Amino acid sequence: MKIHVKIFGVARLKAGIGSFETDVATLDELMDAIPGIPRKEAKDLVVLVNGRSAGRRYRFSEGDEVALLAPAGGG
């Protein structure tokens with residue numbers, strides 16, 4: 001399944017890229033495919049698929065658009 005992934009905010013700085021395409025079937029597989037971000041950190045990202053929140057068991061469809069964002073922080 002070819003999907004398009006956009007990375008925003010601090011996650012984008014960490015990855016060193018703003019977007020990429022990958023061929024994965026599940027969100028779990030995507031966590032291992034994000035350039036520059038280890039799985040341990042990737043699992044904490046907020047994931048939107050086609051503008052909607054997606055659970056960890058989500059299975060991609062051809063052409064899905066995925067947005068990855070670092071969780072909000074502050075203090």
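The structure displayed is predicted, hence computed values, not measured ones.
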*Tyr58 side, atom OH; Asn50 side, atom CG - distance, nearest 0.5 Å*: 5.5 Å
*Kindly compute the distance separating CG (Leu48) from CG (Asp64), expressed to the nearest 0.5 Å.*
12.0 Å
*Taking all heavy atoms of Arg56 and all of Ala42, pick out the closest pair and write down the distance.*
NH2-O, 4.5 Å
*Heavy-atom neighbours of Arg52 CZ exceed 12 at 6.0 Å*: no
*asked:* So, taking the atom named CD1 in Ile3 and the one named CD in Glu62, what distance separates them when rounded to the nearest 0.5 Å?
replied: 9.5 Å
*Heavy atoms, side chains only, cut-off 4.5 Å: are Leu45 and Ile34 in contact?*
yes
*Hey, any chance Phe20 and Val49 share a hydrophobic cluster, counting ILVMFWY side chains that come within less than 4.5 Å of each other, even indirectly?*
yes
*List the atom of Ala33, the atom of Val24, and the distance in Å for their closest heavy-atom pair.*
CB-CG1, 4.3 Å
*Supply the atom-to-atom distance Asp23 CG to Phe60 CZ, rounded to the nearest 0.5 angstrom.*
11.0 Å
*NZ of Lys43 to CG of Leu27: how many Å apart, nearest 0.5 Å?*
13.0 Å
_Could you check whether any side-chain heavy atom of Met31 comes within less than 4.5 Å of a side-chain heavy atom of Val47, counting everything from C-beta outward?_
yes
*CG of Leu68 to CG of Asp44: how many Å apart, nearest 0.5 Å?*
12.5 Å
*Look at Arg39 together with Asp28 and state whether they make a salt bridge at an N to O cut-off of under 4.0 Å.*
yes
*Connected via hydrophobic side-chain network under 4.5 Å: Val10 and Ile37*: no
